[in-house]
Amino acid sequence: MKPITQEWVDKAEGDFATAQREIDVENNPNYDAVCFHSQQCIEKYLKACLQENNIAFGRTHDLTKLLDAFLTMEPSWEDLRNNLDELTVYAVEFRYPAISADQTIANDAFSACTQIRQVIRQYLEIL
C-alpha cells in the first residue's frame with residue numbers, strides 16, 4: 001500500500017473510532033457526530049481506494065461521485081450506492097441548527113458505515 005493511501009486509511013479509522021465511541025455512549029450521546037464521522041470514514045476510505053489506483057479526485061464530500069470514479073475498478077460496488085447516497089447528506093446535514101439526528105438515524109448511519117468499511121478494507125487487503 002502506498003504511504004499516502006495508508007494516511008487516508010489512518011484518518012478513516014480515526015473517524016470510525018470516533019463514531020463508534022459516540023454510538024456506545026450511554027449518557028448524552030452526540031448522534032449528529034455519529035452521522036458526520038460515519039460519512040467522513042467512508043469518504044476517506046473511498047479516497048484511499050482512488051489514491052491507491054492513481055485515480056484523480058477533487059475536493060468533494062459526495063460519496064456517490066467518489067464511487068462513480070471508482071466503479072471501473074470494482075463494478076460490483078454499484079450495490080453500495082443507496083447507502084452512500086444516505087451517508088453523503090451527513091457531511092453537512094446535522095452540522096447546523098434546526099435539524100438533529102436521533103438514535104435510529106445514528107444507528108443506521110453507523111451500520112452503513114460499518115458494512116461499507118468492511119467491503120473497502122477487504123479490497124485494500126487490510127485484515
Side-chain angles (χ1 to χ4, degrees):
M1 181 181 304
K2 298 175 189 174
I4 188 68
T5 304
Q6 186 63 55
E7 287 184 46
W8 281 111
V9 168
D10 292 346
K11 288 192 172 286
E13 282 300 297
D15 283 307
F16 185 77
T18 299
Q20 188 168 42
R21 270 193 309 271
E22 205 55 41
I23 200 81
D24 290 339
V25 167
E26 291 186 23
N27 294 320
N28 298 317
N30 184 340
Y31 295 130
D32 293 353
V34 172
C35 294
F36 175 73
H37 287 286
S38 293
Q39 184 280 338
Q40 286 289 291
C41 173
I42 299 308
E43 177 181 326
K44 291 166 186 163
Y45 263 121
L46 287 170
K47 288 177 177 178
C49 291
L50 292 165
Q51 185 71 57
E52 187 67 9
N53 287 281
N54 299 313
I55 300 171
F57 56 89
R59 291 182 177 238
T60 183
H61 298 298
D62 187 333
L63 302 181
T64 56
K65 283 185 181 179
L66 297 171
L67 173 68
D68 288 342
F70 196 69
L71 282 176
T72 57
M73 299 300 298
E74 282 295 326
S76 66
W77 286 15
E78 180 63 40
D79 294 343
L80 304 176
R81 186 172 298 275
N82 288 340
N83 282 336
L84 293 173
D85 281 337
E86 184 175 322
L87 285 174
T88 292
V89 300
Y90 302 147
V92 294
E93 182 153 332
F94 300 122
R95 291 173 56 194
Y96 302 100
I99 187 166
S100 295
D102 61 19
Q103 185 175 10
T104 300
I105 292 169
N107 285 337
D108 289 348
F110 188 69
S111 176
C113 172
T114 300
Q115 292 169 13
I116 296 166
R117 175 181 169 265
Q118 182 178 1
V119 169
I120 294 173
R121 286 175 64 84
Q122 278 185 305
Y123 173 81
L124 292 172
E125 297 180 351
I126 301 170
L127 302 175

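Numbers for residues simply follow the sequence, beginning at 1.
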Side-chain donor-acceptor distances from residues 54-62 under 3.5 Å, at least two apart:
{"unit_1": "Asn54", "atom_1": "OD1", "unit_2": "Lys2", "atom_2": "NZ", "d": "2.5"}
{"unit_1": "Thr60", "atom_1": "OG1", "unit_2": "Asp62", "atom_2": "N", "d": "3.0"}
{"unit_1": "His61", "atom_1": "ND1", "unit_2": "Glu43", "atom_2": "OE1", "d": "2.9"}
{"unit_1": "His61", "atom_1": "ND1", "unit_2": "Glu43", "atom_2": "OE2", "d": "3.3"}
{"unit_1": "Asp62", "atom_1": "OD1", "unit_2": "Thr64", "atom_2": "N", "d": "2.9"}
{"unit_1": "Asp62", "atom_1": "OD1", "unit_2": "Thr64", "atom_2": "OG1", "d": "2.6"}
{"unit_1": "Asp62", "atom_1": "OD1", "unit_2": "Lys65", "atom_2": "N", "d": "3.2"}

Output all residues satisfying salt bridge (charged side-chain N to carboxylate O under 4.0 Å, His left out) with [X], sequence neighbours left out; order by chain, then residue number.
{"X": "Asp68", "result": "Arg81"}
{"X": "Lys11", "result": "none"}
{"X": "Asp15", "result": "Lys44"}

Looking only at heavy atoms, which two atoms of [X] and [Y] are closest? And how far apart?
{"X": "Asp32", "Y": "Ala101", "value": "OD1-N, 2.7 Å"}
{"X": "Val34", "Y": "Glu22", "value": "CG2-CB, 3.7 Å"}
{"X": "Trp77", "Y": "Val119", "value": "NE1-CG1, 3.4 Å"}
{"X": "Arg121", "Y": "Leu127", "value": "NH2-O, 3.2 Å"}
{"X": "Leu87", "Y": "Ser38", "value": "CD2-CB, 4.2 Å"}
{"X": "Arg117", "Y": "Ile42", "value": "N-CD1, 3.7 Å"}

[atom1]-[atom2] distance between [X] and [Y], expressed to the nearest 0.5 angstrom:
{"X": "Tyr45", "Y": "Leu124", "atom1": "OH", "atom2": "CG", "answer": "7.5 Å"}
{"X": "Thr5", "Y": "Lys47", "atom1": "OG1", "atom2": "NZ", "answer": "13.5 Å"}
{"X": "Asn30", "Y": "His37", "atom1": "CG", "atom2": "NE2", "answer": "8.0 Å"}
{"X": "Cys113", "Y": "Leu84", "atom1": "SG", "atom2": "CG", "answer": "10.5 Å"}
{"X": "Ile120", "Y": "Glu74", "atom1": "CD1", "atom2": "CD", "answer": "10.5 Å"}

Q.
Within the structure provided, determine whether Ile126 and Met1 are in side-chain contact (heavy-atom separation under 4.5 Å).
A. yes
**Q.** Note, Met73 side chain near Tyr123 side chain (heavy atom, < 4.5 Å)
**A.** yes
side-chain contact (heavy atoms from CB on, under 4.5 Å) partners for [X], two or more places apart:
{"X": "Arg95", "result": "Phe36, Val92"}
{"X": "Glu93", "result": "Val89, Ile99"}
{"X": "Asn83", "result": "Ala112, Gln115, Ile116"}
{"X": "Asp102", "result": "Thr104, Ile105"}

Q. Got a sec, which residues hit ring pair (Phe, Tyr, Trp, His ring centres under 6.0 Å) with Tyr90, two or more places apart in sequence or on another chain?
A. Phe94
Q.
I'd like to check the ring pair (Phe, Tyr, Trp, His ring centres under 6.0 Å) partners of Phe110; sequence neighbours left out, ordered by chain and number.
A. Phe16
Q. Cluster partners of Tyr31, using ILVMFWY side-chain heavy atoms under 4.5 angstrom, listed by chain and number?
A. none
(Q) Test question: given the 4.5 Å side-chain rule for I, L, V, M, F, W and Y, name all other residues clustered with Val25, or answer none. (A) none
Q.
I'd like to know if the side chain of Ser111 and the backbone of Asn107 have a donor-acceptor N/O pair within less than 3.5 Å.
A. no
(Q) Distance alone, cut at 3.5 Å: any donor-acceptor contact between the side chains of Glu86 and Asn82? (A) no
